[in-house]
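Right, one structure below, let's go through it.
Residue numbers begin at 1 in each chain, while the letters A, B, ... track the order of the sequences.
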Number of protein chains: 2
Amino acid sequence: MATIKDVAKIAGVSPSTVSRVVAGSSRISNRTKERVWRAMEEVHYVPNAIARSLARSHTRTVGFTLSRQADQAFSNPFFSEVLRGMSSAAQTRDYNILLSISMNQEEEGEKCLQLIRERRVDGLIVSTSRVKDSLIPILEREGTPFVIIGRSAEVPALSVNNDNQQASYQATRHLLDQGYRNVAFISGPEDLVVSMDRLQGYKQALLEQGFPFREERVVSADFSEEGGFRALYSLKERGVFFDAVLAADDLFALGTLRYAKHFHLSVPEELGVVGFNDTPLMTYTDPPLTSVRILSYELGREAMELLMDRLGHAGRQPMNKEVVLPSRLEVRQSSLRRTGSV
Amino acid sequence: MATIKDVAKIAGVSPSTVSRVVAGSSRISNRTKERVWRAMEEVHYVPNAIARSLARSHTRTVGFTLSRQADQAFSNPFFSEVLRGMSSAAQTRDYNILLSISMNQEEEGEKCLQLIRERRVDGLIVSTSRVKDSLIPILEREGTPFVIIGRSAEVPALSVNNDNQQASYQATRHLLDQGYRNVAFISGPEDLVVSMDRLQGYKQALLEQGFPFREERVVSADFSEEGGFRALYSLKERGVFFDAVLAADDLFALGTLRYAKHFHLSVPEELGVVGFNDTPLMTYTDPPLTSVRILSYELGREAMELLMDRLGHAGRQPMNKEVVLPSRLEVRQSSLRRTGSV
DNA sequence: CTGTTAGCGCATTCAA
DNA sequence: TTGAATGCGCTAACAG
C-alpha cells in the first residue's frame, strides 16, 4: 500500500504538501497540485482511514446497537429498513456504520460504552426506548453524541420517532367510524415507551368520541402471533366482550385473525382488526389486513442525518431535537365493515 | 480520555510496560502488574482502538456489504438473521462489523474496495453470488481476505452456502412422493448462482425418479409475490399444465396461493405448493406452507468464523474451504395431498 | 523483567 | 505556497 510518503517522493514534494492536496487545501499552486495528483494515480494512493482517524481524532463512523430480545426485531423487516435508511444517509456524507446486535439490553449497553470508550465511533444510534432506560443517562453523562430511534421518556435527547400516539388515535377512530363499539387493545410489553404512546392514543380516541375507556379491554403480550392469540383468549375467558381489535403489532393481528377463525368469527363483519407496522407480507392475509404504515426507512435516514449534523458541530451545545415522522393508516378489508348504510 | 502515558506516569513505569500488561504479557512482575492495573482503574483507562489499529496495522473489524436490488433482501428476514449470526460470532472474538447497504451491485463493489483500500476493515463478507460476478476476481486480485455467503460459480473461494441443490432435490421428491406428476418450478433471476443450483436439484429429482424434465415448466421471475403469480399465469396462458409448484422463494409461493385462489384450485388437492426460506410468517398462510428452512443465522455465524480464522493466519496461504449448511424441508399442509392410500 | 527508541500514516503548527 | 517538525496513542524491536 502506497503511503503519503511514496506519493511525496514521486511528486518531488513534502508529505505535508500531499496531505494538503488530499485535503483540498486552496493554498497550493496548480502546478504542484497537478504533480501530486499524477503521483497519486501512479501508485494508486488511497488515504489510510485509520491513520487519518488517529490524527484527526475522529473516525467518521457511527455505531448502531440493537438488542434483539425486546424487539419484534426481525419477525418484521422494521430494523432492516431502518438500517437501509441509515446506510443510505451515511453514504451521502461518507460516514460508516458499525453494527452490533446483542442478546439483551445489558450487553447492548456494554457494547455501546465499549465502542465509545475505545473511540471506534464518533457517535451512536440506539433503539432502546424503555420507560426507565439505564443506558440513556450514561451516554448523556459521558457526553456521547447519540440519537434515539424512538424517544426517551425521561431525559430530553436527540431522537427520531414515529407519531405513535397519533397513529394509534387514528386507527382507533377508524374502527369507531366503522361502527365498532367495543375495541380491545393488544399492547406490547408495558415498559416500552412505544407501548405507552400507543395506549395513550387509543385511550384518547375513545374518550374524545364519548366512549368509555375500559382497562379490562387492554392486554399486553410479548410480540408474537401466539401472544396475540392468547391475549384475546384470556379476554374471552374473563368474559370481556369485543367486536374489534387494535393490535400494537402485526403479529398480534395475525394472532387475532387466527382467533377469529378458531371461533368462527367473520372478519370484518363480526370482528374488526387493525395492526401496526404494515408488514409487507400482511397484504396477503385473508382478509387483507388494515395496518399502520411506519416509515422505517425514513426513521433510519433521519436518525443518521441528525447524528451527522450533531457531529458536525463539535464545539457547540448538544441540540435536543425530536423529530417525529408521520405514519399512515393503510385501510384494507380487515376493518371495513359493510355497515347498513352501504 | 486517559492515555497509556497517563497510566504509565501514575504507575511509575514506562508506557511500554503499560502496553505489555494491557496485552497480557507474561513477562511482567506481579508487583508492577498490580500497580498498573490500579493506575488504569484510577483513570478509567480504555485503550484507543484506532491507535492500536494503526500500530498493529489491522482493525479487528470486518466489512459486510449488501446490495439490495438483487436480493429478496428484506421482504424476508434472511439477511437480518445472517447479521445476527455474524454479530454473535464477532462478539465472541472481539471483532466488529462495518455494514454497508448499497443500491446496486456496482455501488456495492465500490464500497468493498473503498473499505479495503482505506484499511478500515481487515476482511469482507460479501453476499453477491451471481454467475459472472465481477467483484470476486477483483477481491482475489487485491489479496483481500473475504468469504462469500452463497458460493462463487467460477473461482474457488472461502464460502458458506446452504445446500440449495440438495434442498431443491428433496422438495421435488417430496412433491413427487405425494403423487404430483407435473411439478412446475418458479425460479429466481437466472444469473444468480442460487437459481442455478435450485434448478439443478429440481431437474435431478425428476430425472432420477424417471420423470421427464420439461423446460416449459420452468419460469423465472424477480422475487415478489406478483412475480410468482405472473409466472404461473404465463404458464397457463401457454397451455402448460401443472399440478404442483416448487417456488424458489416463499414470495413466489405466496403468489402461487393467490393464483390457486383466483382460479379456484384447492391446495393441496389440486395444486401442491412448496416454498423456499420458511419465512416465519408463512406458517400462517392458508393452508400453511411447506417450505425449505434455511439456516440463515448459522450462515452468518459460519461466515464470520471462517473469516476470522482466515484473518488469524495472516502469513499462510489463503484457504479455500466451502462450508455447506444443511437445510430441512418443513412439511405443512400446502403439499400434503390426501392420496387414496390414506 | 523493564525502559528506550522508533515507527504506524497522516494532520497541523510554525517557519521560511 | 511549501517544508520541517511534532504529535495522535499505541506497539514492538532492541537493549540491558
Side-chain angles (χ1 to χ4, degrees), chain A residues 1-37 39-40 43-61 94 114-122 314, chain B residues 1-40 43-61 94 114-122 314-315:
Chain A
M1 277 296 94
T3 77
I4 217 171
K5 280 185 189 168
D6 303 320
V7 176
K9 199 166 297 173
I10 293 180
V13 298
S14 78
S16 37
T17 300
V18 177
S19 175
R20 285 190 186 101
V21 347
V22 169
S25 164
S26 56
R27 329 171 299 174
I28 295 277
S29 79
N30 285 326
R31 229 180 85 263
T32 58
K33 240 181 218 169
E34 279 297 327
R35 286 230 304 282
V36 172
W37 288 129
M40 284 176 31
V43 296
H44 303 297
Y45 173 72
V46 178
N48 180 317
I50 302 300
R52 177 176 287 184
S53 294
L54 183 59
R56 296 202 216 185
S57 61
H58 63 247
T59 59
R60 255 189 134 67
T61 112
D94 205 31
Q114 188 192 352
L115 289 179
I116 280 295
R117 293 188 175 145
E118 287 186 333
R119 300 240 155 282
R120 253 180 221 284
V121 301
D122 299 336
Chain B
M1 279 292 94
T3 76
I4 216 172
K5 279 186 189 166
D6 303 321
V7 177
K9 199 167 295 171
I10 294 180
V13 297
S14 77
S16 39
T17 298
V18 177
S19 175
R20 285 189 188 102
V21 346
V22 169
S25 164
S26 56
R27 331 173 296 177
I28 295 276
S29 79
N30 284 325
R31 226 181 88 262
T32 58
K33 241 182 218 167
E34 279 299 326
R35 286 230 306 280
V36 172
W37 288 129
R38 224 185 302 287
M40 284 175 32
V43 295
H44 303 297
Y45 173 72
V46 179
N48 180 316
I50 302 301
R52 178 177 284 185
S53 294
L54 184 58
R56 296 212 246 222
S57 60
H58 63 247
T59 58
R60 252 188 137 66
T61 114
D94 204 32
Q114 189 192 351
L115 289 179
I116 281 294
R117 292 188 176 145
E118 286 185 334
R119 300 240 155 282
R120 254 180 219 283
V121 300
D122 298 337

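Distance A:I50 CD1 to D:dC10 P: 15 Å, rounded to the nearest Å. Protein atom CZ of A:R117 is 18 Å distant from nucleotide atom C1' of D:dG9, rounded to whole Å. The CG-C1' distance, from B:N48 to D:dC8, rounds to 8 Å in whole Å. Following rounding to the nearest Å, A:R120 (CZ) and D:dG9 (P) show an atom-to-atom distance of 16 Å. Across the protein-nucleic acid pair, B:D6 atom CG and D:dG9 atom P stand 9 Å apart, rounded to whole Å. Rounded to whole angstrom, the span from the CD atom of B:E118 across to the P atom of C:dC10 amounts to 11 Å. Note: CZ (B:R56) to C1' (D:dG9) measures 13 Å, nearest angstrom. Separating the NZ atom of B:K9 from the C1' atom of D:dG9 is a distance of 14 Å, rounded to the nearest angstrom.
Closest to the A:A55 side chain, of the nucleotides C:dG9, C:dC8, D:dC10, is C:dG9. Side chain of A:R20, nearest nucleotide from C:dA11, D:dT11, C:dT13: C:dT13. Listed nucleotides: D:dG9, C:dC1, C:dC10. Nearest to the side chain of A:T3: C:dC10. Out of C:dC10, C:dC1, C:dG3, the shortest distance to the side chain of B:S29 is found at C:dC1. For A:S19, counting side-chain heavy atoms from C-beta on, the closest listed nucleotide (C:dG3, C:dA11, C:dC10) is C:dA11. Looking at the side chain of B:T32, the nearest of the listed nucleotides D:dG9, C:dT2, D:dT2 is C:dT2. With D:dC10, C:dA11, D:dG3 as the choices, the nucleotide that has an atom nearest any side-chain atom of A:S14 turns out to be D:dG3. Closest contact between the side chain of B:Y45 and the listed nucleotides D:dG3, C:dA11, D:dC10 involves D:dC10. Comparing D:dC8, D:dC10, C:dC10 by their nearest atom to the side chain of A:L54 picks out D:dC8. When each of D:dG3, C:dT2, D:dC10 is scored by its nearest atom to the side-chain atoms of B:I28, the top-ranked nucleotide is C:dT2.
B:V22 approaches B:Y45 most closely through the heavy-atom pair CG2-CE2, 4.0 Å. Nearest heavy-atom pair across B:S14 and B:A8 is C-CB, 3.7 Å.
Remark: B:R52 is in phosphate contact with D:dT11, judged by side-chain N or O atoms under 4.0 Å from OP1 or OP2. Within the structure, every side-chain polar atom (N or O) of B:S16 is placed at least 4.0 Å from both OP1 and OP2 of D:dT11.
For A:R120, the side-chain hydrogen bond (donor to acceptor under 3.5 Å, both in side chains) criterion is met by A:E118, B:N96, not counting sequence neighbours.
To the nearest 0.5 Å, atom CZ of residue B:R119 and atom OG of residue B:S57 are 8.0 Å apart.
Residue contacts shown for B:V18 are absent, as no nucleic acid heavy atom lies under 4.0 Å away.
For the residue pair B:S16/B:S19, the side-chain donor-acceptor check at 3.5 Å is not satisfied.
The shortest side-chain heavy-atom distance between A:R35 and A:R31 falls under the 4.5 Å cut-off.
Nearest-nucleotide positions on DNA chain C place B:P15 closer to the 5' end than the other of A:A23 and B:P15.
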